[in-house]
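Position 1 is the first residue of the sequence; numbering continues from there. Remember, it's 1-based here, ligands and their atoms both numbered in the order they're listed.
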Amino acid sequence: MRAKIVAGNWKMNKNAQETESLLAELFAKLPDTEAEVIVAPTFVNLATAVSCLENSIIQVAAQNMHFAENGAFTGEISTDMLLNINVDVVILGHSERRSHFGETDDLLSKKVQTALEKNMRIIFCFGEELEDRKSDNHFGVVESQLKNALFSLDASAFKNIVLAYEPVWAIGTGETASPEQAQEMHAFIRETIASKYDSSTANNVSILYGGSVKPANAKEIFSKPDVDGGLIGGASLNSDDFIAIIRGI
Ligand code: PEP
C-alpha cells in the first residue's frame, strides 16, 4: 500500500526561535495518524529541527540541494551536508525554485540523480501554469516535466520518490484545484507512469496535491482515490491549521 503523507513547506519563514516553538506545538498536538508527517524549515534551522524532533515521528526535509558533492558553489548546500545532520528527505522542483531561480528540468534531473545516489528520499514537485490550463495544455506540460526530469530513471528509483502535483496557479493564491481537478490529474500522472514503467510502480508511488490546501478543503481533496496527501505551504506555518489538515487524511 502506498504511503499517505502530509508535508509542510515552510519556505523562507520562521527564525530559529519561531522554528522551535512551531515544532514544539506540532510535537505536542500531533494526533495519531496513518500519515507520514514531514516539515521543511529553512536550511539554517534544519539542525535545530532535527534535534527538536528527535523523539517525534515527524520527519525533517530540506527545501532544496545542489547536485554536486562539494566544491566552488557559493551559497549552495550538498546532500552530504544534509545527511550529516540526519536530513534524508529533500523537496526538489518547487515552482518557486523553477520560476525565481531558473531551475530547469535538466538541472532537476541532475539533482534527482544525485539525491538518489545518496539514498535520499525526494518530494518532486511539478505542475502547470495558469496559461497551460487555460489553453488545455496542462496534461502535456505535466507529462513533459515528468519525462524530462524523471523518466531516464529505473523503475526501482520510484521507491525513493514522492510526487507532488502543484498547479502553479493554486500555490499561495487561495485558489485551490477542485478535488475533481486534482483527482483527474493524479489519475493521469499514474497512467503516465504505468505506461512508461508498469502498473506496480504507478500504484506504489505516492502523489501529493499542493496548492492552497487549508483545513476547510483538505479532507475532500484527500478523499480522492489517487490523492495520497498534500504538500502544504502557508497553512503549515500555523500548528492548528497543519494539524487540522493532517486530521483530514
Ligand atoms: C507550496 O508552496 O508548495 C504550496 C502548496 O503553498 P500553499 O499551500 O501556500 O499554496
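The protein residues lying under 4.0 angstrom from ligand 1, judged by non-hydrogen atoms, are N9, K11, H94, E166, A170, I171, G172, G210, G211, S212, L231, I232, G233, G234.
Among residues two or more places apart in sequence or in another chain, the side-chain hydrogen bond (donor to acceptor under 3.5 Å, both in side chains) test is passed with N64 by K111. Taking the ring pair (Phe, Tyr, Trp, His ring centres under 6.0 Å) definition, one finds that F222 meets it with nothing, sequence neighbours left out.
Following chains of ILVMFWY side-chain contacts shorter than 4.5 Å, one can reach I207 starting from L92, so the two form part of one hydrophobic cluster.
I161 and L163 make their closest contact through CG2-CD2, 3.8 Å (heavy atoms, listed as atom of the first residue, atom of the second, distance).
M65 places none of its side-chain heavy atoms less than 4.5 Å from the side chain of K118.
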Taking distance alone, no hydrogens or angles, what donor-acceptor pairs closer than 3.5 Å link side-chain atoms of residues 53-61 to residues at least two apart or in another chain?
from : atom 1 : to  : atom 2 : distance (Å)
S56  : OG     : I58 : N      : 2.9
Q59  : NE2    : E36 : OE1    : 2.9

